[in-house]
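One-based numbering, in listed order, for ligands and for the atoms of each. Heads up: numbering here begins at 1 and tracks the sequence.
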Amino acid sequence: MKYSLTTGAAAVALLGFAPSSPTDFALGNGSSPSCDTSSRVYCGGNWEGVVSKLDYIQDMGFDAIWISPIVQNVEGSTTEGEAYHGYWPQNINSLNSNFGSADDLKNLSTSLHDRGMYLMVDVVVNHVVANPTNTTNVSPETFDYSLLQPFGSQSSFHTQCFISDYNNQTNVEQCWLGDYGLPLLDLDTENSTTVDTMYTWIKDLVQSYGVDGLRIDTAKHIRQDFWPGFVSSAGVYSVGEILIGNVTYAAPYTDVLDSVLDYPTYYAVYDAFTNGTSGNMSAIAEMVTQAQDQYNHSLFYAGSFIENQDNPRIQSTVTDQAVSLEIRSCLDWSSKIAMTWPFINDGIPILYYGQEQGYAGGNDPNNLSGSPASTPITNPSSPHVTTLNTARKQAIASNSSFLTTSLKFISQSDSSALAVSKPPMLTLLTNAGNSSYGMYSGGETVVDVLTCNTYTAGSDGSLSVKTSGGEPMVLMPATALSEKGTLCASVAKGTGSDGQGSSSKSGAERLEVGRMVVLGRFWEG
Ligand SMILES: *[C@@H]1O[C@H](CO)[C@@H](O)[C@H](O)[C@H]1NC(C)=O
Ligand SMILES: *[C@@H]1O[C@H](CO)[C@@H](O)[C@H](O)[C@H]1NC(C)=O
Ligand SMILES: *[C@@H]1O[C@H](CO)[C@@H](O)[C@H](O)[C@H]1NC(C)=O
Ligand SMILES: *[C@@H]1O[C@H](CO)[C@@H](O)[C@H](O)[C@H]1NC(C)=O
Ligand SMILES: *[C@@H]1O[C@H](CO)[C@@H](O)[C@H](O)[C@H]1NC(C)=O
Ligand SMILES: *[C@@H]1O[C@H](CO)[C@@H](O)[C@H](O)[C@H]1NC(C)=O
Ligand SMILES: *[C@@H]1O[C@H](CO)[C@@H](O)[C@H](O)[C@H]1NC(C)=O
Ligand SMILES: *[C@@H]1O[C@H](CO)[C@@H](O)[C@H](O)[C@H]1NC(C)=O
Ligand SMILES: *[C@@H]1O[C@H](CO)[C@@H](O)[C@H](O)[C@H]1NC(C)=O
Ligand SMILES: *[C@@H]1O[C@H](CO)[C@@H](O)[C@H](O)[C@H]1NC(C)=O
Ligand SMILES: *[C@@H]1O[C@H](CO)[C@@H](O)[C@H](O)[C@H]1NC(C)=O
Ligand SMILES: *[C@@H]1O[C@H](CO)[C@@H](O)[C@H](O)[C@H]1NC(C)=O
């Protein structure tokens, strides 16, 4: 078995990543660290600790993890605390010893592969950080370049200027992120020596640690034609961070990377579900349709998410309001419904760790877990996540076109409703709370896989259902569910296998083979 997300895309493409930052995920002995993330320091978590949590992640139905950048970062405290997140590289040829040793990382990789899971690593190519301490008023001439391995001299970097005009792409690519207090030295990715260094580095990194995929940080800060060579050197799936709510801007990056993290849809979904009935549901349909039309490979390889390390968690936005109990419970369903989104659409579902527990961290650095401010405000949603992953696996198993057919929106007269058709799944979402909605067509027994309640379509093929207490519904025909499966088996009418069966932890017995064939053809064609 070749552990590559491009040749084995289906495994990850469908079931999603469970990203985890070793910084605050788990200590080597499996305990969860307790530290105040507002102090912006390393919390003690490490790669060994992630190994101890793989059962937990896999049991929710995920088959890949995405971990923080692995290379050595600036040491000590800066004007913005320690480099606990890994986004301030200093020596790209050394590992970040705060997260463990090379053997620990290889062990994580091997542990994942042994259970048929994949490793996606976050990489930073755009910049490095020079000084270990306060750099205010320190000019580029005085930086200690010897720390910046393997670059080592000022000539490897763009001339210092901080980004001042996001409408000027040259400015975005060649000026620097950060500020005088913490300048992020912008690598001269027009310099062929630097380019070759980066291409060789990524090839070695992927091979040394058995990496299956890359999440590429700040990808829009490097010229687009840098990326094809980088991606082909890596030889694995690559998804770029293009942090912007504009499909037209993001789309060209899907020609040079395998895909992008789908921020345009993220913003639309976030806004639609965090503003009561004022949220604009048709803006979601508009954005998704644009992305389907403009992204290379449509949305099939895009990362689909509703939380990450750079944005406030969805439940923090809702708690920021002075909420009464009534509104609070109203907002609980809102975040649960929004959480449903990444699992029922065309992209690769990505779950940010802690989301499944209802963490509510807000602005930096509270959107990381561990601080009092990010204590869950709802009951854990992990059963919801597990169910959604299982439903998606069964949808794939029951329809070989599921992965490669774009979802369609079914227009609604009610502006608070969104109906998503991705056969055999039909999903109803609403931001209106516990109102009633009805529509379906099928002519057979239909199961809400979140409750296992069944519904029978009328003779004209129509179906009226009423949501219960504003809860989301994910409807699938009973024939698409397996009698031998773990999902609503008692009402299932299908005889196929269940992707979530007890044998799913064995690589050899996994059910992804058929899906890989589908995706393999897609990639070749
Ligand atoms: C795990 O290690 C941490 C940090 O050294 C320690 O505080 C904790 O008690 C340990 N937990 C167990 C179960 O050994
Ligand atoms: C950094 O250095 C500058 C100039 O020496 C000083 O004004 C500033 O207070 C320092 N900042 C921190 C966070 O130490
Ligand atoms: C890999 O990690 C597992 C779980 O922490 C541990 O039992 C095992 O000894 C480690 N193996 C190596 C080679 O470090
Ligand atoms: C390109 O970068 C290398 C080091 O990476 C440096 O030696 C060389 O001077 C740079 N070339 C130019 C034209 O800046
Ligand atoms: C765009 O930014 C570059 C780099 O800062 C600058 O040289 C150029 O003048 C800018 N172009 C315009 C039109 O402002
Ligand atoms: C979106 O990006 C495109 C391409 O960069 C640009 O032409 C357009 O003005 C942007 N739209 C908005 C609303 O900023
Ligand atoms: C779409 O991506 C493929 C590689 O996956 C590439 O070969 C092709 O050129 C891209 N299409 C465009 C229009 O750039
Ligand atoms: C929420 O809805 C209100 C009322 O329509 C509107 O004024 C406000 O801009 C919306 N906020 C967001 C974040 O969309
Ligand atoms: C909702 O979004 C759609 C599509 O982007 C837009 O045409 C419409 O004007 C928006 N409605 C409101 C009330 O903002
Ligand atoms: C947390 O979210 C804010 C946006 O509210 C963002 O600016 C910040 O970078 C995030 N924190 C981290 C550690 O990424
Ligand atoms: C399978 O998916 C295709 C494409 O969406 C759809 O046309 C077909 O009706 C689906 N079949 C079933 C049994 O759901
Ligand atoms: C609707 O939700 C509100 C707020 O949670 C709750 O008080 C009310 O009982 C619910 N009504 C129905 C019919 O479920």
Side-chain angles (χ1 to χ4, degrees), residues 10 14 126 140 157-178 183 186-190 219-224 240 242-256 260 262-265 267-268 271 280 283 286-288 290-295 298-300 344-346 391-410 419-427 440-447 449 457 461 463 474-482 492-496 514-515 518-519 521-522:
L14 284 217
N126 179 63
F157 299 92
H158 287 133
T159 304
Q160 189 183 54
C161 53
F162 291 102
I163 297 171
S164 56
D165 182 4
Y166 272 89
N167 292 317
N168 175 348
Q169 187 59 26
T170 307
N171 192 269
V172 169
E173 290 169 7
Q174 299 189 7
C175 290
W176 297 15
L177 287 163
D186 204 80
L187 274 167
D188 181 359
T189 36
E190 281 72 34
K220 72 174 158 65
H221 294 275
I222 294 181
R223 66 192 163 93
Q224 285 168 14
I242 307 296
L243 207 167
I244 196 166
N246 180 337
V247 168
T248 307
Y249 184 98
Y253 293 91
T254 66
D255 292 330
V256 294
V260 295
D262 189 19
Y263 273 95
T265 303
Y267 285 118
D271 291 348
N280 189 342
E286 163 78 18
M287 208 56 97
V288 168
Q290 280 185 24
Q292 286 173 334
D293 290 348
Q294 295 186 40
Y295 288 178
S298 189
L299 271 168
F300 301 128
I344 55 90
N345 78 71
D346 293 339
R392 196 171 169 92
K393 286 182 183 182
Q394 293 205 1
I396 298 158
S398 76
N399 191 333
S400 61
S401 304
F402 182 86
L403 283 178
T404 50
T405 305
S406 294
L407 69 82
K408 292 186 176 63
F409 293 98
I410 299 173
V420 180
S421 170
K422 192 168 171 67
M425 253 182 200
L426 174 63
T427 305
Y440 188 73
S441 59
E444 56 176 324
T445 303
V446 175
V447 182
V449 299
L463 181 70
V474 178
L475 297 173
M476 292 170 71
T479 52
L481 301 171
S482 171
K493 294 184 177 173
T495 53
R515 294 172 231 160
V518 172
L519 275 177
R521 282 192 194 131
F522 181 78

Quick one: does any side-chain atom of [X] pair with a main-chain N or O of [Y] as donor and acceptor, under 3.5 Å?
X: His221; Y: Glu173; result: no
X: Arg223; Y: Thr170; result: no
X: Gln174; Y: Glu190; result: no

Using heavy atoms and a threshold below 4.0 Å, how should the contact between Cys161 and ligand 5 be classified: side chain, backbone, both, or neither? neither
Checking heavy atoms under 4.0 Å, the part of Asn168 that sits near ligand 5 is side chain
Do any N/O atoms on Asn171 end up under 3.5 angstrom from N/O atoms on ligand 5? yes
For residues 419-427, tabulate all N or O donor-acceptor pairs below 3.5 Å that involve a side-chain atom, not counting sequence neighbours.
residue : atom : partner : partner atom : Å
Lys422  : NZ   : Asp346  : OD1          : 2.8
Lys422  : NZ   : Phe402  : O            : 2.9
Lys422  : NZ   : Thr405  : O            : 2.9

Hey, does Ser401 come in under 3.5 Å of ligand 11, counting only N/O atoms on both sides? no
Rounded to the nearest 0.5 Å, the OG1 atom of Thr404 sits from the CZ atom of Phe300 at a distance of 6.0 Å
Quick one: OH on Tyr263 to CG on Leu243, what's the gap to the nearest 0.5 Å? 4.0 Å
List below, pair by pair, the N or O atoms of ligand 6 and of the protein that are less than 3.5 Å apart, including the distance to 0.1 Å; reply 'none' if no pair qualifies.
residue  : atom   : partner : partner atom : Å
ligand 6 : 2 (O)  : Asn246  : OD1          : 3.2
ligand 6 : 2 (O)  : Asn246  : ND2          : 2.4
ligand 6 : 11 (N) : Asn246  : ND2          : 2.8

Can you name the atoms of ligand 11, numbered from 1 with element, that are less than 4.0 Å from a heavy atom of Thr405? 4 (C), 5 (O)
Under 4.0 Å from a heavy atom of Asn399: which atoms of ligand 11 are those, numbered in the order shown and with their elements? 1 (C), 2 (O), 3 (C), 8 (C), 10 (C), 11 (N), 12 (C), 14 (O)
Closest contact, heavy atoms only, Tyr295 versus Ala250: OH-CB, 4.0 Å
Heavy-atom closest pair, residues Gln290 and Val247: OE1-CB, 3.5 Å
For Cys175, take its heavy atoms, then give the atoms of ligand 5 lying under 4.0 Å from any of them. 5 (O)
Side chain to side chain, Ile163 and Trp176, heavy atoms closer than 4.5 Å: no
